[in-house]
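Position 1 is the first residue of the sequence; numbering continues from there.
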Amino acid sequence: RRPAAPCSLHRAMRVSVVSLGGEPVAVLDAEGTWTRDDVCSNIPSMPQAHRAAARLLLVGSTELLGAMTLDDLGASEGSVLQLVISRAPVVFTGSGDGTAKLWD
């Protein structure tokens, strides 16, 4: 008798992504193996600048970090993911000679 072939544990699920204020951002057909970067790169309306910005992606009250996957956090069909995008701090400096510099 032959051993059974391993079954794939990867499953597709439809998830909603909303902003911090609850505004809809996207509805995605995601894989359970997706990381934060995978989710963000599959949001069609997300500008490239926001993809590179510091961001948090929450599944419930838990942040999706690094290599963690949607499966790791228990996301399932119909889950709502909350996306938080923050800009990098911008600093302006000035000197006595009347010059100013923008540091980003």
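- Rounded to the nearest 0.5 Å, atoms CG (Leu64) and CG (Leu58) are 9.0 Å apart.
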(request) Apply side chain to side chain donor-acceptor pair (under 3.5 Å) to Ser95 and Asp97, showing your working. (result) CA-CA 5 Å; Ser95 69; Asp97 66 0; 2.4 Å; yes
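- Across Leu70 and Glu31, no two heavy atoms sit closer than the pair CD1-O, 3.6 Å.
- Under the 4.5 Å side-chain heavy-atom criterion for Ile, Leu, Val, Met, Phe, Trp and Tyr, Val59 and Met68 are members of the same hydrophobic cluster.
- When all heavy atoms of Ser76 and Val15 are compared, the pair lying nearest together is O-CG1, 4.0 Å.
- In the hydrophobic clustering (ILVMFWY side chains linked at under 4.5 Å, chained through shared members), Val18 is joined by Val80.
- Side-chain contact between Gln82 and Leu57: absent, with no pair of heavy atoms (C-beta onward) separated by less than 4.5 Å.
- Taken from CG in Asp38 to OG1 in Thr33, the straight-line distance is 7.0 Å, to the nearest 0.5 Å.
- Between Leu28 and Trp34, the closest side-chain pair of non-hydrogen atoms falls below 4.5 Å.
- Ser79 is linked by a side-chain hydrogen bond (donor to acceptor under 3.5 Å, both in side chains) to nothing, counting only residues two or more places apart in sequence or in another chain.
- Every residue meeting the salt bridge (Lys or Arg N to Asp or Glu O under 4.0 Å) condition with Asp29, not counting sequence neighbours, appears here in chain and number order: Arg14.
- Of all the heavy atoms in Met13 and Glu77, the pair that sits closest is CA-OE1, 3.3 Å.
- Across Leu73 and Glu63, no two heavy atoms sit closer than the pair CD1-O, 3.8 Å.
- Linking Ile, Leu, Val, Met, Phe, Trp and Tyr residues whenever their side-chain heavy atoms come within less than 4.5 Å places Leu65 and Ile43 in a single cluster.
- Smallest separation of non-hydrogen atoms from Val25 and Leu83: CG1-CD2, 4.5 Å.
- Nearest heavy-atom pair, Ala67 versus Asp72, reported as atom, atom and distance to 0.1 Å: O-OD2, 4.2 Å.
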(request) Tell me, with the steps shown, if Thr35 and Asp37 meet side chain to side chain donor-acceptor pair (under 3.5 Å). (result) CA-CA 5 Å; Thr35 64; Asp37 289 342; 5.1 Å; no
